[in-house]
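Computed from a predicted structure; not experimentally measured. Each chain gets a letter, A, B and so on, in the order its sequence line appears, and its residues count up from 1.
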Protein chains: 2
Amino acid sequence: MVKEAADESEICCPSRLVLDRIGDKWSVLIVLNLGDGPKRFSELRGVLHHVTPKVLTYTLRGMERDGLLTRTVFAEVPPRVEYELTPLGHSLRPVMEPITTWAEEHVDEVLSLRKAHDTRSADEFAG
Amino acid sequence: MVKEAADESEICCPSRLVLDRIGDKWSVLIVLNLGDGPKRFSELRGVLHHVTPKVLTYTLRGMERDGLLTRTVFAEVPPRVEYELTPLGHSLRPVMEPITTWAEEHVDEVLSLRKAHDTRSADEFAG
DNA sequence: CGGGATCCGAGCCGATACTG
DNA sequence: CAGTATCGGCTCGGATCCCG
């Protein structure tokens, strides 16, 4: 799980809770993708660059546990399972969207700065 | 707002850049702590719940590489090194602050939901 | 269709010890 | 003070196979 017990670290820094969730590879994308409405397991898989089922399940279960989304199984054939944001999950959207916005605006800058930094380091090393 | 399904894959990629940085355990806290002005290595150590020097160095170097902060060495005795946010680093603050705000506001809710969920699961398991 | 089970590697992170 | 060096753990997440 992203984080287990509620110990001192969470008391002094509640941010860890969200940070750990945001930090994992797929949660943010899931929140944003479910923002428009519920989606099925396969829909999410497709959108999320073919994340493996295990990891997607793992992530979804964790988010369900935290009350960010609900999992609804329809007793049909073929099986259908829908994931939908709870109000709590929706409340995360305005927090997460700026992240992607910032990324889109600054990705080029960061990448070029990074490259420049690496070049400088290489130069120092060479003499 | 998240928009056209076809573009979602593109939203994902630049986001990874920021997500990976946010995901690591200390970057967000560092950005927030440097928001008020430059800080020394030891000051950061103290504030960040005694993160080990290795990890702090590792994180700071990564952020420096991405152009989020600068590292200034003062030729003094004893040695002094200050870390300061660049404008780019500062631009990240309004993105990160809502995260901690959300965390503080909802930590109790998430924790209790999580506990309730775990209890339910245990009950099912027990019969 | 929507997963579960298993194996496995990568890398973040921490503790401890030592240095210019 | 501000790191570096070494060792090791643990979790994340990908691949693959299998099931109701």
Side-chain angles (χ1 to χ4, degrees), chain A residues 1-5 7-10 12-13 15-17 19-30 34 38-66 69-84 121 125, chain B residues 12 15-17 19-30 33-34 38-66 69-84 121 124-125:
Chain A
M1 191 47 52
V2 171
K3 177 120 189 170
E4 265 306 318
D7 55 25
E8 314 163 41
S9 60
E10 281 178 5
C12 14
C13 190
S15 308
R16 282 262 63 85
L17 188 72
L19 261 23
D20 289 343
R21 181 131 304 301
I22 289 181
D24 82 63
K25 199 164 181 176
W26 303 109
S27 291
V28 172
L29 284 334
I30 290 174
L34 290 183
K39 276 194 168 63
R40 306 178 59 171
F41 190 83
S42 294
E43 291 182 282
L44 286 173
R45 276 199 74 180
V47 163
L48 300 185
H49 279 274
H50 307 93
V51 55
T52 58
K54 188 198 74 170
V55 173
L56 181 55
T57 299
Y58 174 83
T59 306
L60 289 168
R61 292 293 209 276
M63 296 174 69
E64 185 193 6
R65 179 169 177 254
D66 286 352
L69 52 79
T70 58
R71 176 175 179 268
T72 308
V73 183
F74 294 87
E76 305 174 355
V77 176
R80 181 163 59 102
V81 179
E82 280 192 356
Y83 295 89
E84 181 170 20
S121 301
F125 188 72
Chain B
C12 148
S15 304
R16 281 262 63 85
L17 190 71
L19 260 24
D20 289 344
R21 186 131 298 301
I22 289 181
D24 81 63
K25 198 164 181 177
W26 304 108
S27 291
V28 173
L29 282 334
I30 291 174
N33 270 291
L34 290 183
K39 275 195 169 62
R40 305 179 57 169
F41 190 83
S42 294
E43 291 182 285
L44 285 173
R45 277 199 73 180
V47 164
L48 300 185
H49 287 271
H50 306 93
V51 55
T52 59
K54 188 195 73 171
V55 173
L56 181 54
T57 300
Y58 174 85
T59 305
L60 289 169
R61 294 291 210 274
M63 296 174 70
E64 185 193 6
R65 179 169 177 256
D66 286 352
L69 52 78
T70 58
R71 176 174 178 269
T72 308
V73 183
F74 295 86
E76 302 174 355
V77 177
R80 181 162 59 102
V81 179
E82 281 191 356
Y83 295 89
E84 182 170 19
S121 301
E124 287 172 18
F125 189 71

- Query: Would you say a side-chain N or O of Ser42(B) is under 4.0 Å from OP1 or OP2 of dA2(D)?
  - Reply: yes
- Can you tell me if the side-chain N/O atoms of Arg40(B) get under 4.0 Å from OP1 or OP2 in dA2(D)? yes
Table please: side-chain donor-acceptor pairs of residues 40-48 of chain A below 3.5 Å, with sequence neighbours left out.
unit_1   : atom_1 : unit_2   : atom_2 : d
Arg40(A) : NH2    : Pro79(A) : O      : 3.4
Glu43(A) : OE1    : Arg40(A) : N      : 2.7
Arg45(A) : NE     : Val51(A) : O      : 3.4

- For every nucleotide of nucleotides 13-20 of chain D, 5' to 3': is a protein heavy atom under 4.0 Å from its base (B), only from its sugar-phosphate (S), or from neither (-)? BBB----B
- Item | Heavy-atom closest contact (Lys39(B) atom, Asn33(B) atom, distance) | NZ-O, 3.1 Å
Can you tell me the distance, in whole Å, between the [atom1] atom of [X] and the [atom2] atom of [N]?
X	N	atom1	atom2	result
Leu56(B)	dT4(D)	CG	P	11 Å
Leu44(B)	dC1(D)	CG	C1'	13 Å
Glu43(B)	dA2(D)	CD	C1'	13 Å
Lys39(B)	dA2(D)	NZ	P	13 Å

- Message: Using the rule side chain to side chain contact (heavy atoms under 4.5 Å, CB included), only one of Val55(A), Leu60(A), Leu56(A) pairs with Trp26(A); which is it?
- Response: Val55(A)
- Task: Determine, step by step, whether Leu69(A) and Ile30(A) satisfy the side chain to side chain contact (heavy atoms under 4.5 Å, CB included) criterion, reporting the C-alpha distance in whole Å, the side-chain angles of both residues, the deciding distance to 0.1 Å, and the verdict.
- Result: CA-CA 10 Å; Leu69(A) 52 79; Ile30(A) 290 174; 4.2 Å; yes
- Task: Please list, chain by chain and in numerical order, all residues satisfying salt bridge (charged side-chain N to carboxylate O under 4.0 Å, His left out) with Arg21(B), sequence neighbours excluded.
- Result: Asp24(B), Asp66(B)
- Query: For the helix from dC1(C)-dG20(D) to dG20(C)-dC1(D), how many degrees between its two end axes (five pairs per end), to the nearest 10°?
  - Reply: 50°
- Query: So what does Phe74(A) touch, heavy atoms closer than 4.0 Å: a base, only the sugar-phosphate, or nothing?
  - Reply: nothing
- Task: Shoot me the first and last contacting nucleotide of DNA chain C against chain A, ordered 5' to 3', at under 4.0 angstrom to non-hydrogen atoms.
- Result: dC1(C) to dC7(C)
- Pairs satisfying side-chain hydrogen bond (donor to acceptor under 3.5 Å, both in side chains), at least one member in residues 70-79 of chain A, at least two apart: Arg71(A)-Tyr83(A), Glu76(A)-Arg80(A)
- Query: Leu29(A) versus Arg16(B): any side-chain heavy-atom pair under 4.5 Å?
  - Reply: yes
